[in-house]
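Report on the structure given below.
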2 protein chains.
Amino acid sequence: MDKSNNLGIKEIAKLANVSIGTVDRVLHNRTGVSAATRKKIQHIIKETGYTKNILASRLKLAARKKIKIAILIPEIKNEWSYWKAPQKGIKKAVKELKEQGISIQFFHFNFLHPQSFSEKCGTIFSEAFDGIITVSFLEKESNDLLVKSIKQNIPVVFLDTERPLKYSANFIRQNSVNAGMVAGRLLHGLVGNDGQYFVVNILNEDGIQINNRQRESGFRAFFNKNFKNKSIAIHTINHPLENDFEITEALKQLFSNEKTKGIFVTNARSFLIPQILKENNISDTFIVGFDLNRQNLALLKTGQISFLINQKPEYQGYTAIKSLYKFLTENDDSELNVEIPVEIIVKENA
Amino acid sequence: MDKSNNLGIKEIAKLANVSIGTVDRVLHNRTGVSAATRKKIQHIIKETGYTKNILASRLKLAARKKIKIAILIPEIKNEWSYWKAPQKGIKKAVKELKEQGISIQFFHFNFLHPQSFSEKCGTIFSEAFDGIITVSFLEKESNDLLVKSIKQNIPVVFLDTERPLKYSANFIRQNSVNAGMVAGRLLHGLVGNDGQYFVVNILNEDGIQINNRQRESGFRAFFNKNFKNKSIAIHTINHPLENDFEITEALKQLFSNEKTKGIFVTNARSFLIPQILKENNISDTFIVGFDLNRQNLALLKTGQISFLINQKPEYQGYTAIKSLYKFLTENDDSELNVEIPVEIIVKENA
DNA sequence: GTAAGTTTCGTGTACGTTAACGAATGTATG
DNA sequence: CATACATTCGTTAACGTACACGAAACTTAC
């Protein structure tokens with residue numbers, strides 16, 4: 001149990017009266033060692049608390065075989081795409097690990113064409129990657145990928161959002177239900193019990209996603225748990241991005257009273273709301289949204305958005321690579337499953 | 001400029017028609033190389049964008065000479081001391097870097113006896129440490145340390161709080177003025193323009209510290225900047241920890257009106273306030289404080305504290321070691337100066 | 001022109017791990 | 001008992017860097 005002086009394979013060999021080659025065979029579970037010596041060496045390894053020197057190990061292995069990681073994420077349609085951020089974090093991590101023998105390859109799929117996901121999967125599995133980073137937006141396809149990866153013993157990390165799958169899987173994600181609850185807390189602080197609340201799902205062509213649903217459910221859960229007896233009204237508005245914001249008569253009535261209004265936008269499009277409110281002469285509103293994109297941040301600065309919740313997408317990508325690498329080199333899976341804290345951003349700490 | 005294939009010292013040597021020994025001499029600025037070949041090799045190094053393989057470099061050097069880092073922080077008086085957290089982060093980082101050749105030694109000083117800081121400094125400088133992690137609470141002593149460290153060319157990182165010093169220095173800290181502004185934003189959201197605000201400095205034996213002052217000034221700056229014309233009242237209360245909370249007649253009057261009250265506690269002792277409020281029958285209050293200690297978190301859960309601001313002390317310690325190591329091994333100082341974001345904690349994301 | 005000194009450079013070994021290669025021993029088969 | 005074959009193990013050469021050692025070339029002084 002003496003971990004203070006870090007001894008090497010050489011010392012282990014000496015203690016066991018064998019050569020380093022034999023110790024190495026035991027460490028890597030290779031054949032060619034008698035049961036007796038194997039046991040003896042295993043015992044000594046445990047006793048001494050030996051752990052391999054990663055520097056030396058990687059130095060040796062990096063030249064022989066690079067670790068190949070495939071990244072399958074949604075298409076990046078423009079410079080401001082959300083997926084630029086994880087990509088950036090991934091590239092940063094790879095840069096740090098470059099000389100330690102790692103290489104990556106990006107694959108992209110289209111939300112609207114699930115088969116594009118499956119196709120890329122096929123390519124990935126046919127090319128002997130050592131690890132996969134992807135997302136779980138498409139349920140069936142994610143399950144297919146997971147099953148294949150388990151069969152082929154290839155570790156997978158899902159980014160962004162957690163969804164229940166057939167088998168347990170690794171997620172690096174923010175808890176969206178929790179994020180919704182935080183949003184509830186923040187809005188309620190500003191709006192109070194006498195106000196009116198709106199959950200706005202601004203949908204683009206991809207339709208409503210699992211994280212939108214989870215965020216709304218968390219938001220509602222917050223009020224249900226803490227203010228059940230106050231019967232606070234929460235209205236959901238599903239707004240397709242293509243159309244103009246259609247204020248129905250019913251909605252107009254809701255908006256036209258004197259109550260303070262709290263608006264929770266379940267995705268990154270909260271920056272669309274202030275303009276709409278202005279056009280319709282709706283005042284006394286507070287907005288909570290997601291993600292630190294340029295437009296959102298601008299409105300945070302002006303006070304038109306009160307709070308933003310950050311998912312740290314860049315950090316998610318960075319962590320995914322680092323933790324996969326750690327697992328593949330040290331067999332340490334402790335960081336494959338990470339819950340990103342719900343980071344609250346106001347004007348002053350943006 | 002070709003950075004894609006990471007080539008080694010061997011390839012550089014071949015390109016320059018010299019041996020690896022000569023390249024090595026150039027890389028380490030050692031003597032024994034003619035000006036002409038030195039220039040030629042330097043040119044090729046620049047051309048190819050060669051960077052040393054840190055794995056191999058550290059593997060070679062770790063055996064020869066460990067990197068020794070001294071940590072000089074306040075005494076840790078009990079299990080719940082704030083300084084346990086940075087210590088924990090430091091130990092975590094050291095564990096990760098252990099086999100790469102690093103060793104640390106903790107030193108502790110007493111706020112009340114500045115000479116205890118100086119004395120430990122003397123010891124540290126006499127023992128040839130490669131780097132120092134400390135804090136800048138004591139102005140004169142911090143300057144003395146900084147001057148010595150510059151003379152002896154030993155890198156120093158200050159944790160927790162930034163203070164202006166004679167020379168520029170490395171800080172891993174939260175911007176306390178900014179944190180105060182965030183607190184202002186949060187409290188104002190809850191209390192509004194018609195409320196009353198209190199800045200409470202709960203002082204222990206160490207007296208008021210620089211970060212308390214900075215936090216208060218940030219808090220006041222927030223109101224001054226955003227609501228100057230509203231003439232919002234902000235009262236400061238300096239409360240020595242030893243005494244009971246003494247509610248003077250003047251204070252009693254301030255507290256006894258019907259206005260909503262916002263209380264900003266400038267350090268980790270916000271957990272003392274709810275009890276005092278209760279004893280004095282003061283209601284309709286909101287509290288914002290600092291640090292995720294056990295007591296604060298318990299009151300956050302019950303709603304008696306609305307927001308806590310986290311300084312991520314463990315992360316500060318972790319980062320300090322990692323960045324010092326990076327500087328000492330790769331000569332990369334880009335991470336020696338870190339601003340810890342002002343992390344906002346509510347019940348739901350604690 | 002030779003000895004001594006100086007500058008410039010190549011060679012070799014080590015860091016700890018990995019894995020190929022082959023030597024030694026053991027076992028089976030005729 | 002000899003040969004073939006399998007099992008068990010030790011030896012050795014890398015990975016890329018760091019640095020000591022000494023060889024070669026060149027300079028200076030007599």
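Residue numbers begin at 1 in each chain, while the letters A, B, ... track the order of the sequences.
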Euclidean distance, atom [atom1] of residue [X] to atom [atom2] of [N] [Å, nearest integer]:
| X | N | atom1 | atom2 | result |
| --- | --- | --- | --- | --- |
| B/Ile45 | D/dT17 | CD1 | C1' | 13 Å |
| A/Lys66 | D/dC15 | NZ | P | 16 Å |
| A/Asn29 | C/dA19 | CG | C1' | 15 Å |

Would you tell me if any nitrogen or oxygen in the side chain of [X] comes within less than 4.0 Å of OP1 or OP2 on [N]?
| X | N | answer |
| --- | --- | --- |
| A/Thr31 | D/dT8 | no |
| B/Thr22 | C/dG10 | yes |
| A/Thr37 | D/dT8 | no |

*For the helix from C/dG1-D/dC30 to C/dG30-D/dC1, what is the angle between the axes at its two ends, each from 5 pairs, rounded to 10°?*
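Axis angle across the helix from C/dG1-D/dC30 to C/dG30-D/dC1, nearest 10°: 60°.
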_Strictly under 4.0 angstrom, non-hydrogen atoms only: write out the protein contact profile of nucleotides 21-28 of chain C, one letter per nucleotide from the 5' end, B, S or -._
--------
*Where along nucleotides 13-18 of chain C does protein come under 4.0 Å, by heavy atom, of base (B) or sugar-phosphate alone (S), with - for untouched nucleotides?*
-BBBBB
*In a check of side-chain contact (heavy atoms from CB on, under 4.5 Å) between B/Phe107 and each of B/Thr123, B/Ile71, B/Ile132, which one passes?*
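With B/Phe107 as partner, B/Thr123, B/Ile71, B/Ile132 yield a single side-chain contact (heavy atoms from CB on, under 4.5 Å), made by B/Thr123.
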*Sort and list the pairs that fulfil side-chain hydrogen bond (donor to acceptor under 3.5 Å, both in side chains) and have at least one residue in residues 163-172 of chain B, not counting sequence neighbours.*
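Matches after skipping sequence neighbours: none remain.
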Mind checking side-chain hydrogen bond (donor to acceptor under 3.5 Å, both in side chains) for [X] and listing every partner two or more places apart, or none if nothing turns up?
| X | answer |
| --- | --- |
| B/Ser126 | none |
| B/Glu141 | none |
| B/Ser34 | B/Thr37 |
| A/Glu119 | none |

_Which residues pass the side-chain contact (heavy atoms from CB on, under 4.5 Å) test with A/Lys326, not counting sequence neighbours?_
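Once residues adjacent in sequence are excluded, the partners of A/Lys326 under the side-chain contact (heavy atoms from CB on, under 4.5 Å) criterion are A/Glu330, A/Asp332, A/Glu335.
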*Apply side-chain contact (heavy atoms from CB on, under 4.5 Å) to A/Lys88 and list each qualifying residue two or more places apart in sequence or on a separate chain.*
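Listed in chain order: A/Glu314.
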*With sequence neighbours excluded, give me every salt bridge (Lys or Arg N to Asp or Glu O under 4.0 Å) pair touching residues 150-159 of chain B.*
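Qualifying pairs, neighbours excluded: none.
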*Strictly by modelled atom types, are A/Glu96 and A/Tyr318 linked by a side-chain donor-acceptor pair under 3.5 Å?*
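Indeed, the side chains of A/Glu96 and A/Tyr318 share at least one donor-acceptor pair under 3.5 Å.
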Would you list the atom pairs, donor with acceptor, under 3.5 Å between side chains in residues 15-24 of chain B and any protein atom, with sequence neighbours excluded?
from    : atom 1 : to      : atom 2 : distance (Å)
B/Ser19 : OG     : B/Gly21 : N      : 3.3
B/Asp24 : OD1    : B/His28 : ND1    : 3.2
B/Asp24 : OD2    : B/Arg30 : NH1    : 3.4
B/Asp24 : OD2    : B/Arg30 : NH2    : 2.7

